[in-house]
Amino acid sequence: MTIKQILKDNILKLKLKKIKNLHFDAEILLSTILKKQREFILSHTEYKLTKLQIKNYHALINRRINGEPIAYLTGHKEFYGFDFNVNKNVLIPRPETELIIDEALKFVAHDSQPITIIDVGTGSGCIIITLAKLLEPELKIKNYESGIKKYKLFATDISQKALITARKNAKFYNVNKNIKFLNGDLLEPIIHNFKFIIPNSKILILANLPYVCEAWKKSYSADSIGLKFEPQIALFTGKNGLELYEKLFKQINKLQTKNYKFKNNINILCEFDPNQTTLIKKIIKKYFKNTKLQIKKDLAGYNRLAIIKN
Ligand code: GLN
């Protein structure tokens with residue numbers, strides 16, 4: 001069977017099951033099986049497939065028909081122009097999360113004070129690794145007089161399995177030595193190790209924590225079926241979806257009372273669902289009385305990011 005024939009049959013199969021990007025999906029899955037670029041598929045339509053390739057391709061197409069996200073079938077997802085390994089142990093990076101990168105870059109720009117950056121609940125590592133790549137030239141810079149580094153990067157996750165993927169991605173981009181990956185619940189690993197933080201540095205906490213409320217689990221639709229395949233602990237939490245943010249804010253308050261250096265020094269970027277805007281503002285006000293709060297919209301025009309600054 002040729003590429004042309006197999007694509008035709010399988011595009012039809014995807015069409016019958018109402019899969020949206022059927023041409024793209026059929027082609028990209030075939031390129032995964034053949035270990036070739038999509039361009040090869042499109043320009044070698046008479047190329048003949050082996051029996052094994054046909055069998056493996058049908059297996060992938062069937063998984064796609066069952067609603068499994070394309071990123072888990074190919075094992076990759078693009079984020080901020082970088083390619084990340086993904087698997088069922090990590091959430092698939094979302095385009096709206098690129099906003100965290102834009103805002104983190106704005107935060108660190110033109111600042112001479114050292115900055116400790118902590119990505120809480122790192123998953124695939126896409127946020128901290130992207131930042132490490134974009135800040136790479138500056139990561140080695142030390143203050144001429146004090147010898148203190150300009151940046152220190154940390155990432156935590158409660159899931160050991162997620163950290164394996166994050167470390168693998170960091171290694172691929174050759175920034176594994178620039179990021180310290182720590183296993184633990186939100187900021188716990190840092191609370192137990194103050195020494196990690198650069199002395200007198202600003203602290204920037206980045207968080208795309210699970211924020212989908214548990215009730216949602218019961219109402220998967222054709223559009224949200226893909227969520228079923230993602231790690232549920234990376235998506236769902238509690239009644240209103242903001243329980244983990246509250247837990248994080250409590251930890252930060254604890255850090256601030258335990259060590260006066262953190263009192264007016266912590267800045268946080270957190271991603272949330274547009275429906276949670278009023279509630280997240282209320283919660284932030286409760287935990288951080290004297291801070292500036294800004295809400296940013298994503299490219300689709302929805303409230304998506306809370307910026308808490310001292
Ligand atoms: N934005 C994701 C979704 O709705 C949720 C990500 C998260 O919980 N952090 O699919």
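When a ligand or atom number is given, it counts from 1 through the structure's own listing order. All residue numbers in this chain count up from 1 along the given sequence. Because the structure is a prediction, the values reported are computed rather than measured.
Against a heavy-atom cut-off of under 4.0 Å, Pro210 is close to the following atoms of ligand 1: 8 (O). Of all atoms in ligand 1, numbered sequentially from 1 with element shown, those under 4.0 Å from a heavy atom of Glu96 are 1 (N). Set against the non-hydrogen atoms of Arg94, the atoms of ligand 1 under 4.0 Å away are 2 (C), 3 (C), 10 (O). Of all atoms in ligand 1, listed by their number and element, those nearer than 4.0 Å to a heavy atom of Leu235 are 5 (C), 8 (O).
For a threshold of 3.5 Å applied to N or O pairs, the pair formed by Leu209 and ligand 1 contains at least one separation below that value.
Looking only at protein heavy atoms, the nearest one to atom 4 (O) of ligand 1 is Val212 CG2, 4.3 Å. Among protein heavy atoms, the minimum distance from atom 7 (C) of ligand 1 is reached at Tyr211 CE2, 3.5 Å.
Within the structure, ligand 1 lacks Thr237 among the residues with a heavy atom less than 4.0 angstrom away. Glu230 does not count as a contact of ligand 1, since none of its heavy atoms falls under 4.0 Å from the ligand.
Ring pair Phe82/Tyr173: centre-to-centre distance below 6.0 Å.
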Checklist entry - Please walk me through it: do Lys88 and Phe229 pass side-chain contact (heavy atoms from CB on, under 4.5 Å)? => result CA-CA 7 Å; Lys88 62 178 182 1; Phe229 295 86; over 6 Å; no
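Scored by the side chain to side chain donor-acceptor pair (under 3.5 Å) test, Glu78 finds no partners at all (sequence neighbours excluded).
The pair Arg94-Glu230 meets the salt-bridge criterion, since a charged nitrogen lies less than 4.0 angstrom from a carboxylate oxygen.
Residue contacts with ligand 1, taken as heavy atom pairs separated by less than 4.0 Å, involve Leu227 solely via side-chain atoms from C-beta onward.
Checked by atom type and distance alone, the side chain of Glu96 never pairs as donor or acceptor with a backbone atom of Lys297 at under 3.5 Å.
Judged by distance alone, the side chains of Asn56 and Gln53 never bring a donor and an acceptor atom under 3.5 Å apart.
Evaluated for a side-chain hydrogen bond (donor to acceptor under 3.5 Å, both in side chains) with Thr165, the options Asn87, Asn85, Asn89 yield exactly one hit, Asn87.
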